[in-house]
Amino acid sequence: MTELTPSDRFNEEKSVYTVRGSDKPDLEAGVAAIRSVVKTLPVRPGVYRMVDAKGEVLYVGKARALRNRVSNYTQVSRLTKRLQRMVAQTRGMQIVTTNTEAEALLLEAQLIKRYRPPYNVLLRDDKSFPFILMREDHPFPRVQKHRGARRAKGQYYGPFASAGSVTRTLNALQKLFLLRSCSDSFFANRSRPCLLYQIKRCSAPCVQRIDNDGYAELVADAKDFLGGKSNKVQAKLGKSMSDAAEAMDFELAAVYRDRLRALTFIQGTQTIAAEGLGDADIFALACKGGTMCIQAFFIRGGNNWGSRSFFPGHTSEVPEQEVLASFLVQFYEEVPPPKTILLDRQLEEAELLAEAFTERAERKVTLRVPQRGDHVRMVAQAKRNAEEELDRRLAETSTQASNLRQLTEMFELSEPPRRIEVYDNSHVMGTSAVGAMIVSGPEGFLKNQYRKFNIKREETAPGDDFAMMREVLSRRFARLEKEDPDRTKGDWPDLLLIDGGKGQLSAVCETLEDAGVHDVPVVAISKGPDRNAGREVFHLPGGREITLPPNAPVLFYLQRLRDEAHRFAIGAHRQKRAKNMASSPLDVVPGIGPGRKRALLMHFGTARAVKGAALEDLEKAPGISKTMARGIYDYFHPKG
């Protein structure tokens, strides 16, 4: 998927920035700024950005005719309250013209993703989707899970709804087709089959247990399966099993039988029957109380590769059709569109969307609302799932709001917190030390806001939890002061929760005082006697302590926050520790690259043995000259 760039798609960009009066919302000033721009606009397709007095993007829109579309914002009486608020904040506009309205639609999605304006419908879950990659840069192709940019040579199958969906499919592929999943370096250094061969999950091409033609046949079968030709694969396996049985090779027949069972199992796990649909995505929208949920099913090759629920942001006062259309444009900014997109409702811009997706996919893409047959049932199931997910979200939001209200009363806050930051540290005897921050809000955990801090200051003594907390908080608030000094981006916390007792609380309060931050409430959570859950003590500045009844809902909520921070901190620590364990003392020796490192390890067995080797022994290692041996010896045995 190639990204559109101004150099090859768009003709010109105009930046018109008009400031009138103060930066406070002023409807007349906003209308005047827009009118001054309208005079210069052409009647042609393009994208416009509305900006406030500070240059922050408020809204990104596209138009078939820029002058006609933008002039609508000057007719205040016809605008919704939401758009009137936007116009009142507008002090300038930025314009990009395009060749077609479809190009404008694609550029609009790119700019919304980049700026995340407050008046655009936003796809909140922008985490990349997982794919299955069949790599083709090796004589024996490897099958693996893949996220991110698709630069590796090979065929990509997806998207899958979750990492779990990919894992289940990869397990099925291993059982069915015995394809390798190991790295190229692991493959190149095998002298005997690994455990996957023993449990019949790999055909062991690394040690020639299968020839090139036999492995190529397995790869072809796997591609047929992922491409939706599972019936063809099933018939082939059935015939092979029968042939083996007739030849009295019952051991081989049992192998084919087990592979058939694996295929039957994966076919039986489809939550919706999608035969005959090919490659398609199914979307349905549900709306209650101003909250919207969009349910998506991903069908590839007639196989259901999972579903996911999305809750778009900034949907207040926005029509459902506009929300769904905006969602689709942003969704397919990252995901390649399939041949067919099934919807639960007609969209006014369906033809334009189809044109834009066709241009992006470089093949025909069709949007339609099914009227009869199995496809109607599939869309109805997506609609039902959307409604059920929305009911669950509303119930959780109601509970969350109640917890935040109780939290406000308990800690005597001025208003329910919109952003809660929870901090914890993790280390083992001072090694691989990391600090962790998790974030929660009215709608739950904001995982894309989580941060980890490698403890790296020399003055932070290993194992000193108080010093670690001071380092983490000082770095966090120094960055906040730099990136958001006016506190307008919503990144400043309304409440800090610290996993610890009075000592941690004191360290945090001192750090905030040094940073000049005096208005962020801080609470430390320590376990009670015998470290029993349910007997936590909440420490507040000034020495006040609070305990709650063991069955209090707000206590369970605070425990979840504390436990999530603990989980994230331990995970970050384990990753760092694993990385440190995988490193070798030879990695930092000058002049030692991968080749010499491998030769030394093959000769001495371990890095510790290399470190303790005599000069004469180092000189005997293959590929190590006397000069290099002297350099290695002097590095590990410095003089004086």
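As the structure is a computational prediction, the values presented were derived from the model and not from experiment.
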Can the ring centroids of F160 and F129 be said to lie less than 6.0 angstrom from one another?
no

Partners passing salt bridge (charged side-chain N to carboxylate O under 4.0 Å, His left out) against E513 (at least two apart in sequence or in another chain):
none

Check the angle between the aromatic planes of Y156 and F131 and answer parallel, tilted or perpendicular using the 30° and 60° thresholds.
perpendicular

Closer than 4.0 angstrom, basic N to acidic O: yes or no for E317 and R85?
yes

State whether the side chain of R419 and the backbone N or O of S440 hold a donor-acceptor pair below 3.5 Å, judged by distance alone.
no

Is the shortest distance from a Lys or Arg side-chain nitrogen in R479 or E481 to a carboxylate oxygen in the other one below 4.0 Å?
no

Go through it in stages, so that I can follow the logic: the residues are D514 and R470, the test is salt bridge (Lys or Arg N to Asp or Glu O under 4.0 Å), and I'd like the CA-CA distance, side-chain angles, deciding distance and then a yes or no.
CA-CA 10 Å; D514 292 342; R470 278 192 289 267; over 6 Å; no

Using distance only, find each side-chain donor-acceptor pair of residues 541-553 under 3.5 Å and give its atom names and separation, not counting sequence neighbours.
residue: E545; atom: OE2; partner: K502; partner atom: NZ; Å: 3.4
residue: E545; atom: OE2; partner: H539; partner atom: ND1; Å: 3.4

Pairing residues for R405 by the salt bridge (charged side-chain N to carboxylate O under 4.0 Å, His left out) criterion, not counting sequence neighbours:
none

Mind checking what makes salt bridge (charged side-chain N to carboxylate O under 4.0 Å, His left out) contact with D391, not counting sequence neighbours?
K288

Could you check whether the rings of Y423 and F453 sit parallel, tilted or perpendicular, using 30° and 60° as the cut-offs?
tilted

Partners of K611 by side chain to side chain donor-acceptor pair (under 3.5 Å), sequence neighbours excluded?
none

R392: what forms a salt bridge (charged side-chain N to carboxylate O under 4.0 Å, His left out) with it, not counting sequence neighbours?
E389

In plain terms, say whether K54 and D486 are close enough for a salt bridge, that is, a side-chain N and a carboxylate O under 4.0 Å apart.
yes

